[in-house]
Amino acid sequence: MRKIRIFNGPNLNLLGRREPEHYGRLTIEQINASLAEMAQAAGFEADCRQTNHEGVLLDWIHTLTQEDFLIINPGAWTHTSYALRDAIAGVSVPALEVHLSNIHAREEFRSRSLIAPVCRGQISGLGADSYVLAMEYAIRWLKSQEVAK
Ligand code: DQA
């Protein structure tokens, strides 16, 4: 079965209690539950993960195959990690970058994403809906691939 992988980077395990004015009050478990439900209803499987270790995220990305669609919130690695950018480019799977907060409306360092150029697009600033809309796109894209086969 084709899998929609939702990978979250550092500090996103703190959602719910972390700076709610930027990131809202939903926990990562609550967000993941809605995403899993959406994927399942569409006949796909959601694989939701979070890590605070950059090498772990890189290893996860290296396991992706053409069967996968990647939704990624790289957290602060968005702005710092050439290694993450190279990993996503290296596996050439369709990817969408998501952020809860609007990274273009905050501190200047957040407005630069090293990851965006290797993703199909970026959804930023819609809170948990950033993930929901990314999931909608992933489902639509995977279904369009099935029709094309
Ligand atoms: C974030 C934005 C990043 O700048 C920040 O470092 C995060 C969360 C977001 O979802 O809004 O950890 O990726």
Side-chain angles (χ1 to χ4, degrees), residues 2-42 44-142:
R2 298 196 75 161
K3 286 207 174 132
I4 304 172
R5 314 269 179 181
I6 302 102
F7 291 173
N8 288 284
N11 303 311
L12 292 163
N13 53 311
L14 296 178
L15 288 182
R17 65 184 162 117
R18 174 190 181 201
E19 300 180 88
E21 66 284 9
H22 288 304
Y23 305 121
R25 297 218 173 258
L26 291 180
T27 65
I28 191 99
E29 289 80 15
Q30 288 169 322
I31 293 172
N32 289 346
S34 326
L35 298 178
E37 213 170 282
M38 284 175 77
Q40 208 177 9
F44 299 108
E45 197 178 311
D47 170 23
C48 304
R49 308 185 201 180
Q50 187 277 331
T51 180
N52 293 318
H53 304 277
E54 192 174 348
V56 169
L57 180 59
L58 299 181
D59 287 344
W60 288 347
I61 290 170
H62 293 174
T63 67
L64 298 180
T65 71
Q66 294 310 309
E67 292 297 297
D68 294 312
F69 190 103
L70 175 63
I71 295 171
I72 185 162
N73 183 348
W77 294 328
T78 305
H79 321 296
T80 60
S81 181
Y82 295 107
L84 178 57
R85 175 198 180 119
D86 285 351
I88 296 171
V91 293
S92 64
V93 299
L96 268 187
E97 176 187 341
V98 302
H99 299 283
L100 295 139
S101 64
N102 180 352
I103 60 170
H104 303 287
R106 298 181 61 195
E107 301 95 326
E108 204 183 331
F109 76 87
R110 290 188 205 277
S111 66
R112 187 176 71 140
S113 169
L114 297 174
I115 310 307
V118 294
C119 292
R120 285 173 172 255
Q122 180 193 71
I123 304 177
S124 175
L126 307 180
D129 282 347
S130 294
Y131 289 90
V132 170
L133 294 180
M135 178 58 81
E136 271 182 23
Y137 177 80
I139 290 168
R140 187 185 295 208
W141 187 82
L142 289 170

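Side chains are part of it too, since the values below use all heavy atoms of this structure and drop only hydrogens, waters and symmetry mates. Note that ligands are numbered from 1 as they come in the structure, with each ligand's atoms numbered from 1 the same way.
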Spacing of Ile88 atom CD1 and Cys119 atom SG [to the nearest 0.5 Å]: 5.0 Å
Pairs where residues 110-124 contributes a residue and the test salt bridge (charged side-chain N to carboxylate O under 4.0 Å, His left out) is met, not counting sequence neighbours: Glu107-Arg110
Min heavy-atom dist Asn73 to ligand 1 below 4.0 Å: yes
Pair Asn73-Tyr131, side-chain donor/acceptor within less than 3.5 Å: yes
Residue-ligand contact His79/ligand 1, heavy atom below 4.0 Å: yes
Ile103 N/O to ligand 1 N/O under 3.5 Å: no
Phe69 CZ to Asp47 CG distance, which is reported to the nearest 0.5 Å: 14.5 Å
Which residue and heavy atom of the protein sit nearest atom 8 (C) of ligand 1, plus the separation: Tyr23 CE2, 3.5 Å
Closest protein heavy atom to atom 1 (C) of ligand 1, given as residue, atom name and distance to 0.1 Å: His99 ND1, 3.6 Å
Heavy-atom gap Glu97 to ligand 1 smaller than 4.0 Å: no
Taking atom 11 (O) of ligand 1 as the reference point, the nearest protein heavy atom with its distance: Ser101 OG, 2.6 Å
Minimum-distance protein heavy atom relative to atom 5 (C) of ligand 1: Arg110 NH1, 3.2 Å
Atom 9 (C) of ligand 1 - nearest protein heavy atom and its distance: Leu100 N, 3.4 Å
Ion pair Asp68/Lys3, N-O distance below 4.0 Å: no
Pair Gln50-Asn52, side-chain donor/acceptor within less than 3.5 Å: yes
Parallel, tilted or perpendicular: ring planes of His99 versus His79, cut at 30 and 60 degrees: parallel
Any N or O of Arg18 closer than 3.5 Å to N or O of ligand 1: yes
